[in-house]
Amino acid sequence: QVQLVESGGGLVQPGGSLRLSCAAAGSISGIYDMNWYRQTPGKQRELVATMAAGGSTKYADFVKGRFTISRDSTKSTWYLQMTSLKPEDTAVYYCKADTIEALNRFGTYWGQGTQVTVSS
């Protein structure tokens, strides 16, 4: 089992930067993917970025090099570094871990979400 705690959200101006953190606890070794999603009221939750256990990354088209996902293995923490923020980036951001556990079972764990507001 994995527990995820997100932090780092807040209010920033357009063009600004913000770094979100996702601290993981529990069966960290079972995590094979870490994902960042975002959601605004009335809209579907959308995938922003993914990092596989081997370190490969994928990004949604709408971040277009503005966001970077990374990991600090010594602290079992994943980050989403956001730069050149736009008002349309305003959303609740979530981290989600995909795991493989005992008996070849798969699990999915979500953080509680952190609010990012981009406004002047």
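Quick note: numbers below take in every heavy atom, side chains included, and nothing from hydrogens, waters or symmetry partners.
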- When you look at CD of E88, are more than 12 heavy atoms from neighbouring residues, nucleotides or ligands closer to it than 6.0 Å? yes
- Same cluster or not: are L11 and F67 linked, directly or through other Ile, Leu, Val, Met, Phe, Trp or Tyr residues, by side-chain heavy atoms under 4.5 angstrom apart?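 Per the 4.5 Å side-chain linkage, L11 and F67 are not co-clustered.
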- Query: In terms of hydrophobic clustering (I, L, V, M, F, W, Y; side-chain heavy atoms under 4.5 Å; direct or indirect links), are W78 and Y37 co-clustered?
  - Reply: no
Nearest heavy-atom neighbours spanning [X] and [Y]:
X: Y59; Y: I69; value: OH-N, 3.0 Å
X: L20; Y: G9; value: CD2-N, 3.7 Å
X: S84; Y: D89; value: O-OD2, 4.4 Å
X: V2; Y: A24; value: CG1-CB, 4.4 Å

Point-to-point distance, once rounded to the nearest 0.5 Å, from [atom1] of [X] to [atom2] of [Y]:
X: T114; Y: Y94; atom1: OG1; atom2: OH; answer: 10.0 Å
X: R19; Y: T68; atom1: CZ; atom2: OG1; answer: 12.0 Å
X: M51; Y: S56; atom1: CE; atom2: OG; answer: 8.0 Å
X: R38; Y: Y93; atom1: CZ; atom2: OH; answer: 4.0 Å

Find out whether [X] and [Y] are in side-chain contact, i.e. whether some heavy atom of one side chain is under 4.5 Å from a heavy atom of the other.
X: K86; Y: V118; result: no
X: L4; Y: M34; result: yes
X: V48; Y: F62; result: yes
X: Y109; Y: Q1; result: yes
X: T90; Y: Q115; result: yes
X: V12; Y: S17; result: no
X: T83; Y: Q81; result: yes
X: N35; Y: D98; result: yes

- Which other residues belong to the hydrophobic cluster containing F106, where Ile, Leu, Val, Met, Phe, Trp and Tyr are joined when side-chain heavy atoms lie under 4.5 Å apart, directly or via other members?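 Members besides F106, by chain and number: Y32, I100.
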- Query: Between R66 and V63, is there a donor-acceptor pair closer than 3.5 Å when you use the side chain of the first and the backbone of the second?
  - Reply: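 Present.
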- Item | Residues which pass ring pair (Phe, Tyr, Trp, His ring centres under 6.0 Å) with Y79, listed by chain and number, not counting sequence neighbours | none
